[in-house]
Number of protein chains: 2
Amino acid sequence: MVEGQTHSLDAVFHALSDPTRRQMLRSLAGGERSISELATPFRMTFAGASKHVKALETAGLVRRRVEGRLHLCRLEAAPLAAADEWLRYYTRFWSDRLDALDHALRSADAAHVKRRKR
Amino acid sequence: MVEGQTHSLDAVFHALSDPTRRQMLRSLAGGERSISELATPFRMTFAGASKHVKALETAGLVRRRVEGRLHLCRLEAAPLAAADEWLRYYTRFWSDRLDALDHALRSADAAHVKRRKR
DNA sequence: CTGTCCTTCAACCATGTGGTTGAATATAAG
DNA sequence: CTTATATTCAACCACATGGTTGAAGGACAG
């Protein structure tokens, strides 16, 4: 279903628009990670990295479970799947359209009907 | 492969994170649109909508061609495909995890069998 | 209890964002 | 020419964002 929640798509795409967060997701693809494990690769402050994790969490891309003094994060698939579905719908549609345009351009190459001049 | 151009992914995902822009893309899926055609459905100013179009353009999602006093926009598939590739990589990975979760839920609940496409 | 580790919180700052307005450009039409 | 249309531009505003710092709160070790 492409319709999805507009609201959640906002959050998901916004979360994905940051390279730090995307890299965190890549790390999380290797399994559960603590906040400090997620933060270490970056040159920013711990608190700064923690904010990024929180952004991923509120976007629904990450689930957190507290174990002692560690906060262990793991990936959540559903919102990503929704975003992917959205994208897939359009990429498929647009590639069809590009094909059609390609054909049109090929067949009507020399026929420039528009009379615009300059 | 999946890493690709970090920079462009930033712009594409950010462009997609706004519902106004996503709706514009939906409109553009129906074919070429002028700026005013894209702007009409929204309650915001013309200049405001024009800014959104520009955002889509700089993200590479839209190509513009000026014909007289009209600026005609059309979709550009490539950056979308890149974003989709990124997402697909992770969703595939995460769907494996979902499968594991699914199995766990099924063994616990033993009632609901999901219909999965893969 | 004391201290150390992992983490969040609150305050703050610089910059970016979405949005407005008002003017400016360029093209078309009368 | 004058006027209307289609669009951008520049300036500005309120607000969110990414980042910092300096605390503070639990959990564990000694």
Inset, instruction - Look at the side chain of A:His14 and decide which nucleotide, out of C:dT20, D:dG18, D:dA6, has an atom nearest to it. - result: D:dG18
Legend entry - Length of the CZ-P vector between A:Phe13 and D:dA16, whole Å: 22 Å
Legend entry - side-chain N/O B:Arg43 vs C:dG19 OP1/OP2, d < 4.0 Å: no
Legend entry - Side chain to side chain, A:Val62 and A:Met24, heavy atoms closer than 4.5 Å: no
Inset, instruction - May I ask you to decide whether A:Glu67 forms a salt bridge with A:Arg65, counting only side-chain N to carboxylate O separations under 4.0 Å? - result: yes
Inset, instruction - Return the value, rounded to whole Å, for the distance between atom CD1 of A:Ile35 and atom P of C:dC5. - result: 18 Å
Inset, instruction - Any chance you could measure B:Leu28, atom CG, to B:Arg63, atom CZ, to the nearest 0.5 Å? - result: 13.0 Å
Inset, instruction - Could you check which residues of residues 46-53 of chain A get a heavy atom under 4.0 Å from DNA chain D? Sort them by number, please. - result: A:Ala47, A:Gly48, A:Lys51, A:His52
Inset, instruction - Check whether any side-chain nitrogen or oxygen of A:Ser36 sits under 4.0 Å from OP1 or OP2 of C:dT7, and answer yes or no. - result: yes
Inset, instruction - Spell out, as yes or no, whether a donor-acceptor pair under 3.5 Å connects the side chain of A:Arg21 to the backbone of A:Ala15. - result: yes
Inset, instruction - Measure from NE2 on B:His71 to C1' on D:dT5 and round the result to the nearest Å. - result: 12 Å
Inset, instruction - Look at A:Lys54 and C:dC9 and indicate whether a side-chain polar atom (N or O) is within less than 4.0 Å of OP1 or OP2. - result: yes
Inset, instruction - Starting at atom CZ of B:Arg33, determine the distance to atom C1' of D:dA6, rounded to an integer number of angstrom. - result: 17 Å
Legend entry - Cluster link B:Leu70 to B:Val53, ILVMFWY, side chain under 4.5 Å: no
Legend entry - Sugar-phosphate only, base, or nothing, as touched by A:Ser34 at under 4.0 Å among non-hydrogen atoms: sugar-phosphate
Legend entry - Distance in angstrom units between B:Arg21 CZ and C:dG19 P, rounded: 8 Å
Inset, instruction - Would you mind reading off the distance between A:Asp10 atom CG and D:dT17 atom P, rounded to a whole angstrom? - result: 11 Å
Inset, instruction - Find out if a path of hydrophobic residues (ILVMFWY) with successive side-chain heavy-atom gaps under 4.5 Å connects B:Leu72 to B:Phe46. - result: no
Legend entry - Any donor-acceptor N/O pair under 3.5 Å between D:dT7 base and B:Arg69 side chain: no
Inset, instruction - Tell me whether B:Tyr90 is reachable from A:Tyr89 by hopping between hydrophobic residues (I, L, V, M, F, W, Y) whose side-chain heavy atoms are closer than 4.5 Å. - result: yes
Inset, instruction - Would you please confirm or rule out a distance under 4.0 Å between OP1 or OP2 of D:dT20 and any side-chain N or O of A:Thr45? - result: yes
Inset, instruction - To the nearest Å, give me how far apart CD (B:Glu37) and P (D:dT5) are. - result: 16 Å
Inset, instruction - Mind calculating the distance between CD (B:Glu67) and C1' (C:dA26) to the nearest angstrom? - result: 15 Å
